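Order of the sequence lines sets the chain letters (A, B, ...), proteins ahead of strands, with each chain counted from 1. All values below come from the heavy atoms of this structure, side chains included, with hydrogens, waters and symmetry mates left out. It should be emphasised that the depicted structure is a prediction, and the values quoted were computed from it without experimental measurement.
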Number of protein chains: 2
Amino acid sequence: MQPKIEIISPRPDPALDCAAMGKLREPLGADDCGLPLALEVMGERWSFMILRAALNGVYHFEDFLGALGIARNILSNRLANLVTHGILQREQMADDRRKVEYRLTQKGVDLLPAMLALRQWGEKYGLGVPSNPVLVDKRDCLPIGPITMRAHDDRVIAYDDLQWLDRDEVGKAGSDCCGPGPEELPGLRV
Amino acid sequence: MQPKIEIISPRPDPALDCAAMGKLREPLGADDCGLPLALEVMGERWSFMILRAALNGVYHFEDFLGALGIARNILSNRLANLVTHGILQREQMADDRRKVEYRLTQKGVDLLPAMLALRQWGEKYGLGVPSNPVLVDKRDCLPIGPITMRAHDDRVIAYDDLQWLDRDEVGKAGSDCCGPGPEELPGLRV
DNA sequence: GATTTAAGTTGCGAATCGCTACCTAAAAGA
DNA sequence: TCTTTTAGGTAGCGATTCGCAACTTAAATC
């Protein structure tokens, strides 16, 4: 019943071609990266769709069922899983004790940027899918912008502007960072 | 062998409780949202991990294998899938015709914000996972900021500031947008 | 009391996943 | 040349997961 992305222990070659480029290599599959953790919950096939439904104001079992077209047992399983991971909160209604509400927690709401980034990517590459209901800012009724990567000073930053660095070296202008050239970006770590 | 998130056709109740709140309801599961499209590829269990490895400079079959700890046939399947969807590009090396390189396309690189958002979420809620190698801006060696949602004028915007609106209504200050109060946000659609 | 509704649980066949072993073509070594 | 190694896969098998349909339970409603 567990997703089992399972943090891998026996890494065959710890060095790989890392030393060749003289830069840090993030240990893939190790647990010092948040991605496997996130994927343990949200990597399940229906998790993001359930999250989207919850953000749409769907709270009840049968409504999820109708909105998503998911199988009953799978929905049951997913909801329990999301509750276990603190993304949804299960609450029995007081006025009708048959009813159960699944509400997003703050942890669940905090997945919104990830979901929007995925959705925007899907729109961009999904053969003219303009996605009619637009997400707008309440204040001025204007659509929100694309999810972007930002530098510390809010500049929009691109793939080629990025580099990995050890946490101890961030402040210091040492190592091979802050160099002049674009230096070919051999292995962008993320 | 196909992922088969399969856009659902027989939606039982097209109205649901939508009309009650007097606001637009985005058709969940319909194809006017980019999320199911994105999930069709990236919803597979290993897709994001493979993407991360590719961003780390892993290009070859055996390197993915060692870095991820994935099964051979599954890796083979996933790589083919990602190539089919234009996220990776398969290229036979000229100097050693045994070797095949899987390189990210622009479409693949464009998944970086989604991946970072997921990763940052995993870091935030993953019990003190500081994630040592830090992604920094090449120019000043400072870490990039968190992935955030932005209004059209670059203001960071939160969940409660958002609302769904029909595309035809975005410019006009009509409907119930731009109203004074926070009006309780009954069903945030996303 | 009978029926309906909400939220599941159970059983079954089909598809998917992970593991191990095998395969093929090209390169390297003796 | 002949053997071995390397790179990139397939094939087979058991375990798990998914989707579908039927059944269950408890509470509300008629």
Item checked: Given DNA chain D, 5'-ward residue of the pair A:A94 and A:I74, judged by closest heavy atom -> A:I74
Note to self: Mind checking if A:F64 touches a base, just sugar-phosphate, or nothing, with heavy atoms under 4.0 Å?
What the structure shows: nothing
Notebook entry, point to check: Is the side chain of B:E91 donor-acceptor paired with the backbone N or O of B:E101 at a distance under 3.5 Å, no angle test?
Noted result: no
Notebook entry, point to check: In terms of side-chain geometry, is the basic nitrogen of B:R139 or A:D153 positioned less than 4.0 Å from the acidic oxygen of its partner?
Noted result: no
Checklist line | Shortest side-chain distance from A:V100, nucleotide among C:dC19, C:dG8, D:dA28 | finding: C:dG8
Margin query: Without decimals, in angstroms, what is the distance between B:E62 CD and C:dC23 P?
Written below: 18 Å
Margin query: Measuring from atom CG of A:L118 to atom CG of B:L111, what distance do you get when rounded to the nearest 0.5 angstrom?
Written below: 7.0 Å
Note to self: Please find the pair of heavy atoms, one from B:C33 and one from A:R119, that lie closest to each other, and give the distance.
What the structure shows: SG-NH1, 2.9 Å
Next item on the list: Could you tell me whether the side chain of B:R98 has a donor or acceptor atom within less than 3.5 Å of a complementary atom in the base of D:dG8?
Entry: no
Check: Under 4.0 Å between a side-chain N/O of B:R90 and OP1 or OP2 of D:dG9, yes or no?
Finding: yes
Notebook entry, point to check: So which nucleotide from D:dA27, C:dA7, D:dG9 ends up closest to the side chain of A:H60?
Noted result: C:dA7
Checklist line | Short side-chain N/O contact to D:dG19 OP1/OP2 from A:W46, under 4.0 Å | finding: yes
Notebook entry, point to check: For the pair made of CZ in B:R45 and P in D:dT16, what is the distance, rounded to whole Å?
Noted result: 13 Å
Note to self: Is it the case that the base of C:dG11 and the side chain of A:N73 share a donor-acceptor contact (distance under 3.5 Å, atom types as modelled)?
What the structure shows: yes
Margin query: Regarding C:dG18, can its base be found pairing with the side chain of B:R72 as donor and acceptor, where the two atoms are less than 3.5 Å apart?
Written below: no
